Amino acid sequence: MNYLNELITLCDEIGCNNKRNEPMSAHTTFQVGGVVPLFMEPSTLDQISRITAFCSQRKIPLRTIGNGSNLLVADEGADIALLCLGSNFAGIHQEGETNLICEAGASLSSVCAFALKHSLSGLEFAWGIPGNVGGAVYMNAGAYGGEMKDVLARVIHVSFDGGICCLEKDALKLSYRHSIYKENSASIALAEFSLRKGNQDEIRAKMDDYITRRKTKQPLEFPSAGSTFKRPVGGYASALIDQCGLKGLRVGGAMVSEKHAGFIINYENATCKDILDLVAQVQSRVKKQTGFELELEVERL
Ligand SMILES: Cc1cc2nc3c(=O)[nH]c(=O)nc-3n(C[C@H](O)[C@H](O)[C@H](O)COP(=O)(O)OP(=O)(O)OC[C@H]3O[C@@H](n4cnc5c(N)ncnc54)[C@H](O)[C@@H]3O)c2cc1C
């Protein structure tokens, strides 16, 4: 990658944590993926902005990630500089009576716990989704009838040239597993959630219920990226895969979970290629047997 040393020098000058040749298997919940030449963990909005502007000026390919819980990285890695917004950039504070302003690296679990502590309701659905705020906004993550769209008020992002912008909810183009951030290369930096005052015991009971359902139904004991496929119009990916008799189907170390057919799991030292070959087999058999086309929900790097 051109200008790599200059980018490292910039990171060092502005105090941004950075690692060379970092294996992505250590940063994805699938636990697969080769190395990226530079992995940066900024801790301030200014660092994100300066790194982004530098990469834009020198045409260095740059991508922002969160907890890697919806990410599949090629075994060969990727010739790209990565901004990882995680625990270094994870502040949460209450704004007024009912709003929370969260840095993109805050985990959803910490935001949900904060909301519970302050008796704020609306985010219970997100309890147990293992992503960070930025990834959740990007994906419009959702579960149990709720989604980010229901609770987001506005987002502050760093655009490709390093400029800092704010988008109100209506400009975010939020729909099923979609946001405007899938259409541009901005880095989501902060999100404001608009919640409502609630009863702490009721909030806790809902969160407990959701986590119990996850533990009962999902193969949480294996590495995965959650639901591998999007819900097709008129059907459910897991039901279709199950109906085709594909539970337990394996390619190398990748397997269609026997517990939840919608999850492809890293059963035993899977490679990215194993997972993608299994994805292709599932897609083709479901298409042939049911006519439904399954689209990947998991993002690729
Ligand atoms: C066991 C398990 C259960 C899951 N359950 C659910 C569920 O119920 N509902 C659901 O919706 N998802 C679920 N997921 C998937 C995943 O947790 C969500 O999609 C989550 O929102 C991804 O967040 P992340 O921080 O891990 O993003 P990553 O995986 O790091 O990134 C996902 C995408 O977002 C982009 N991105 C991340 N952060 C930023 C940022 N700051 N700025 C710009 N782009 C960014 C990345 O480039 C990538 O394209 C599950 C995953 C697992 C492993």
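These numbers were taken from a predicted model, which means no experiment stands behind them. For ligands, and for the atoms within them, numbers begin at 1 and follow the listed sequence.
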Give the C-alpha distance, both sets of side-chain angles, the deciding distance and a yes or no for side-chain hydrogen bond (donor to acceptor under 3.5 Å, both in side chains) between Ser49 and Thr52.
CA-CA 5 Å; Ser49 166; Thr52 307; over 6 Å; no
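Looking at atom 13 (C) of ligand 1, its nearest protein heavy atom turns out to be Ile129 CG2, 3.7 Å. For atom 11 (O) of ligand 1, the nearest non-hydrogen atom of the protein is Gly142 N, 3.0 Å. Protein heavy atom at the shortest distance from atom 28 (P) of ligand 1 is Gly68 N, 3.6 Å. With respect to atom 46 (C) of ligand 1, the closest heavy atom belonging to the protein is Thr64 O, 3.3 Å. Counting only heavy atoms of the protein, atom 44 (N) of ligand 1 lies nearest to Tyr138 CD1, 3.4 Å. Atom 16 (C) of ligand 1 has its closest protein heavy atom at Ser69 OG, 3.2 Å. Among all non-hydrogen protein atoms, the one lying nearest atom 42 (N) of ligand 1 is Ile188 N, 2.8 Å. Looking from atom 48 (C) of ligand 1 to the surrounding protein, the closest heavy atom is Arg63 NH2, 3.7 Å.
Here NZ of Lys247 is found 13.5 Å from CG of Leu249. Values are rounded to the nearest 0.5 Å.
Using a cutoff of 4.0 Å between basic side-chain nitrogens and carboxylate oxygens, Lys273 and Glu76 are not scored as salt-bridged. Here Glu268 pairs with Arg250 in a salt bridge; the nearest charged N to carboxylate O distance falls below 4.0 Å. Contact check on Glu124 versus Arg204 returns no salt bridge, with no Lys/Arg side-chain nitrogen under 4.0 Å from an Asp/Glu carboxylate oxygen. Here Glu297 does not pair with Arg231 in a salt bridge; the nearest charged N to carboxylate O distance is not below 4.0 Å.
Considering only residues two or more places apart in sequence or on other chains, Ser257 meets the side-chain hydrogen bond (donor to acceptor under 3.5 Å, both in side chains) condition with none of them. Qualifying ring-ring contact (aromatic ring centres under 6.0 Å, His included) partners for His118, counting only residues two or more places apart in sequence or in other chains: Phe114.
Between Gly226 and ligand 1, no pair of N/O atoms sits closer than 3.5 Å. On a distance-only criterion, Ser224 and ligand 1 share no N/O pair closer than 3.5 Å. No N or O atom of Gln218 sits closer than 3.5 Å to an N or O atom of ligand 1. Taking any N or O of Gly66, backbone or side chain, at least one lies under 3.5 Å from an N or O belonging to ligand 1.
In summary, the aromatic rings of Tyr181 and Tyr138 are positioned with their centroids too far apart to meet the 6.0 Å limit. Within the 6.0 Å centre-distance limit, the rings of Tyr267 and Phe222 are counted as a close aromatic pair.
For the pair Glu299/Lys182, a side-chain contact is recorded, criterion being any heavy-atom separation below 4.5 Å from C-beta on.
Taking only non-hydrogen atoms, the option from Pro130, Gly128, Ala104 nearest to atom 4 (C) of ligand 1 is Pro130.
Residue contacts with ligand 1 for Arg214 involve side-chain atoms from C-beta outward but no N, CA, C or O (heavy atoms, distance under 4.0 Å). Here Thr29 has side-chain heavy atoms under 4.0 Å from ligand 1, and that is the only part of it that gets that close. Heavy atoms of Ala225 found under 4.0 angstrom from ligand 1 belong exclusively to the backbone. When non-hydrogen atoms are compared, ligand 1 lies under 4.0 Å from the backbone of Asn132 as well as from its side chain. If you look at Leu220 next to ligand 1, the close heavy atoms, those under 4.0 Å, all belong to the side chain.
Close approach of ligand 1 to Leu85 (heavy-atom distance below 4.0 Å) involves ligand atoms 41 (N).
Screening Lys149, Glu183, Lys173 for a side-chain hydrogen bond (donor to acceptor under 3.5 Å, both in side chains) with His178, the sole residue that qualifies is Glu183.
Look at Glu147 and you'll find every heavy atom at least 4.0 Å from all atoms of ligand 1. At a 4.0 Å cut-off, at least one heavy atom of Ala186 sits close enough to ligand 1 to count as contact.
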